[in-house]
Protein chains: 2
Amino acid sequence: MDRHQTEKDDEASGQGRPTLKTLAFMTGLGVTTVSRALKDAPEIGAETRRRVQLVAKQIGYRPNRAGVRLRTGKTNVISLVLNTEREIMSFVSDIIYGVSEVIADTPYHLIVTPYSRSQDPLDPIRYLVETGSADGVIISRTQPNDPRARYMLERGIPFATHGRTDMGLIHPYHDFDNYAFAAEAVRHLAGIGRRRLALLAPPVELTYHSHTLNGFTDALSEVGASEIPFNTVSIDHSIEQIRMRTAQLMRRDVRPDGFVSSAAAATLAIVAGIEDAGLKLGRDVDVVSKQSSDLLHLFRRELLVVNENFRLAGAELARSVLGWIGGSAPGSLQSLSVPTEVLAYRRPD
Amino acid sequence: MDRHQTEKDDEASGQGRPTLKTLAFMTGLGVTTVSRALKDAPEIGAETRRRVQLVAKQIGYRPNRAGVRLRTGKTNVISLVLNTEREIMSFVSDIIYGVSEVIADTPYHLIVTPYSRSQDPLDPIRYLVETGSADGVIISRTQPNDPRARYMLERGIPFATHGRTDMGLIHPYHDFDNYAFAAEAVRHLAGIGRRRLALLAPPVELTYHSHTLNGFTDALSEVGASEIPFNTVSIDHSIEQIRMRTAQLMRRDVRPDGFVSSAAAATLAIVAGIEDAGLKLGRDVDVVSKQSSDLLHLFRRELLVVNENFRLAGAELARSVLGWIGGSAPGSLQSLSVPTEVLAYRRPD
DNA sequence: GTGACAATCTGTAACGTTTCAGTATATAGG
DNA sequence: CCTATATACTGAAACGTTACAGATTGTCAC
């Protein structure tokens, strides 16, 4: 309504956004030549190529995404698929920033595709694949037998998972070494004299549940400590639930003198539960927790922490997806992040 | 390379994703008719319309975004523009979820457009507008005189701001009533006998700095309390800096007996600083803090909190942008969120 | 029976891009 | 001088959609 195309359409001079036609007009070349010159095709003369690229830069030519996408099917989009209820908060922001960092000087855009509790986690994936909305996908909350990974593998759409699968299928992933984390945590606790340890693990359905559990139990037998079962809750449970269960546990005769916690928010709840039971952190019990931002030491200086860097994970995942899109072998795009040592509080200067 | 189009192109039968042509073939109608039937155009017969829509639903027709975008210029994209260094973590995830909630049953996608410290905040906006990458934009960290808002207003691109501007220009926004927050905080502190109050404010350049400050000082004079200046830091400073400055402040002869803090992470630092100085929260000093997730009470039960709901903000901002895109008057798309009362810790059941 | 008119439907062109199948020119070989 | 070949360029078609300008009916008044 508002846009009068009063000019004849060949007047590719100044008005709107420059297109290939504009460039063709300005250089006196054909649209095809311009297109090829811009992507360094071999059959274009060296000088022509330089000339076109110069003019393109001068007038700030940017390829029209819709045109490219319609013609080639390439969307230049990476989708990050998130569970809107269960993702860890800092995970979301850090991973987004990590991804952004990597795709910043590429033509890629990042779209966030959410799904909620009520939905099948496969739904958003199906949507993306069926509508061809992305060239690559990043998923989290990976399961040993993950239907999403299988689905995308079948359709040949590049993706990367945060966390590993265990289906005998090869795909890019980035994972934190939760086995090492749990084992180190146990060793540290044993080193300060703790003998009866409890683990607040990730939810059973996720792959890193067993990684964590294995690291925990292997190290337990290594150091000769014993486990106090604490598997009525996971880090996916509410703060209140974890707090209550922890308090219950700590009021028993045989109670843990050490905790390993797989998430910072859950650790707050554990500590609250410990204190609800009238016990004192650092005296009656020690807690080693993963954290993704440096806040737990402020919470209770007695806490022992291991850092997990989600921003790095985001960057790594983005690199993997782009790598796969770019033709690298999926098997070569897997990475594991080694945990820091267990960090105790140090007084600030 | 891999996609052989062996069939004649009219065989719009089964192979790929259904298009209008597929539907036209199946219904025996023209492409134009199908297109209009799907959008309930008036000149299509009632039965034809129903028939087309039925078939479309049956075979799962989804309009090709690139086609629509190329033809109409409509992207069906909302962009959330984020500062990758300074945004509050929970803000990012909650606002994304809030936006997602609202656009879930629309054709819109959410893209995240990041910018970093080094860049002009106007850069990402210019990019979005120049490349026509979004139908609507959401920005945060709003300033009284905000070049981004002015820029988008000039180009006529719909947007909504988290926080208000103060340029005499009308645009959609959602804001938390920080004036009321600070005023209520002061009243509450005065009510429990605190007389010398310090404010940890948002950074001066953001609009809600002065809202907060005004609420703070107005209520101070209302209750007859006095201000202990604490403006060498803002909530944008690092945890360490805030902690150190707080400790310094608390070691002075004339030190605050109450704090008002505009962000939860900063509050952790304030408390740490208070304790560094050998003082005790709840006895020597009280702190009222904003928080966006329910964790501060776990940190120190003596903390007094006011909740700010970022998820709601995200939803509200998305509604505003969509409203503007849909033709509503920008002035009718402004909302203010009223703070909860100051909440003290209650023991869980 | 004719004209007018409304109700339905349709073909063509265009959005910006890339690919396919060329065309034109120059160089070299015989 | 003619043909072959390489080099540098080009027009047309297509991706899926919508807008424009018709085209084909049927109905009704006269």
Side-chain angles (χ1 to χ4, degrees), chain A residues 1-5 7-12 15-25 27-52 56 59 61-76 107 131-133, chain B residues 1-5 7-12 15-25 27-52 56 59 61-76 107 131-133:
Chain A
M1 286 293 130
D2 49 338
R3 202 168 260 253
H4 276 285
Q5 193 78 19
E7 310 283 332
K8 207 90 187 87
D9 69 345
D10 264 3
E11 308 286 322
Q15 277 306 79
R17 194 177 142 196
T19 69
L20 288 182
K21 196 146 86 179
T22 320
L23 285 178
F25 176 77
T27 56
L29 295 163
V31 175
T32 304
T33 311
V34 172
S35 173
R36 318 203 72 158
L38 286 177
K39 43 179 56 69
D40 287 318
E43 66 268 50
I44 302 296
E47 198 207 305
T48 305
R49 181 165 35 223
R50 256 176 297 137
R51 195 159 61 89
V52 170
I59 66 174
Y61 167 76
R62 311 268 207 153
N64 179 306
R65 311 192 116 234
V68 175
R69 180 165 171 177
L70 182 57
R71 178 63 235 242
T72 65
K74 181 141 215 279
T75 61
N76 284 309
T131 62
S133 290
Chain B
M1 287 291 131
D2 51 335
R3 200 168 263 253
H4 276 285
Q5 192 77 20
E7 310 282 332
K8 207 91 186 85
D9 69 345
D10 263 1
E11 308 285 322
Q15 278 305 76
R17 197 176 140 197
T19 70
L20 288 181
K21 196 145 85 179
T22 319
L23 284 178
F25 176 77
T27 55
L29 296 163
V31 175
T32 305
T33 311
V34 172
S35 173
R36 320 205 70 160
L38 287 177
K39 44 179 56 71
D40 286 317
E43 66 268 47
I44 301 296
E47 198 206 307
T48 304
R49 181 166 33 224
R50 255 176 298 137
R51 195 159 61 89
V52 170
I59 66 172
Y61 168 76
R62 310 269 207 152
N64 178 307
R65 313 193 114 232
V68 175
R69 182 165 171 176
L70 182 57
R71 177 65 235 244
T72 65
K74 181 140 215 280
T75 62
N76 285 309
T131 61
S133 290

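Every heavy atom of this structure was used, including side-chain atoms; hydrogens, water molecules and symmetry mates were not. Only a predicted model underlies this, so the values are computations on that prediction, with no experimental measurement involved. By convention in this document, chain letters (A, B, ...) are assigned in the order of the sequence lines, proteins followed by strands, and residues within each chain are numbered from 1.
Atom OH of A:Y61 is separated from atom C1' of C:dG16 by 7 Å (rounded to the nearest Å). Going from atom CG of B:D40 over to atom C1' of C:dT8 covers 16 Å, rounded to whole Å. A:K21 has its NZ atom 11 Å from the P atom of C:dT17, to the nearest Å. One can place CZ of A:F25 at 18 Å from C1' of C:dG16, the figure rounded to the nearest angstrom. We find that CG of A:L29 is positioned 5 Å from P of D:dT10, with the value rounded to whole Å. Between A:E43 atom CD and C:dT18 atom P there is a gap of 13 Å when expressed in whole angstrom units. Between the NZ atom of A:K39 and the C1' atom of C:dT18 there is a distance of 7 Å, given to the nearest Å. Separating the CZ atom of B:R50 from the P atom of C:dT8 is a distance of 12 Å, rounded to the nearest angstrom.
Contact between A:R17 and B:T131 at its shortest, heavy atoms only, is NH1-O, 3.0 Å. Residues B:R51 and B:T27 come closest through the heavy atom pair NH1-O, 3.3 Å.
A distance-only check finds no donor-acceptor pair linking the side chain of B:R36 to the backbone of B:I44 [under 3.5 Å]. Between the side chain of A:R65 and the backbone N or O of A:P107, at least one donor-acceptor pair lies under 3.5 Å. Listed for the A:R69 side chain is no donor-acceptor partner under 3.5 Å among the backbone atoms of A:N76.
For the pair B:G67 and B:V31, both in contact range of DNA chain C, the more 5′-proximal nearest nucleotide belongs to B:V31. Nearest-nucleotide mapping onto DNA chain D: of A:R71 and B:R36, the residue sitting toward the 5' end is A:R71.
The side chain of B:T32 approaches C:dG11 more closely than any other nucleotide in the set C:dC20, C:dG11, C:dT17. Nearest nucleotide to the A:T33 side chain, out of D:dA19, D:dT10, C:dC9: D:dT10.
Contact annotation for A:T72: backbone-only contact, meaning every heavy-atom pair under 4.0 Å involves sugar-phosphate atoms and none involves a base. Residue contacts for A:T19: at a heavy-atom cut-off of 4.0 Å it reaches the sugar-phosphate backbone alone, with no base atom in range. Using a 4.0 Å heavy-atom cutoff across all strands shown, B:G30 reaches sugar-phosphate atoms only and no base atom.
Under 4.0 angstrom from either OP1 or OP2 of C:dG16 there lies no side-chain N or O belonging to A:S35.
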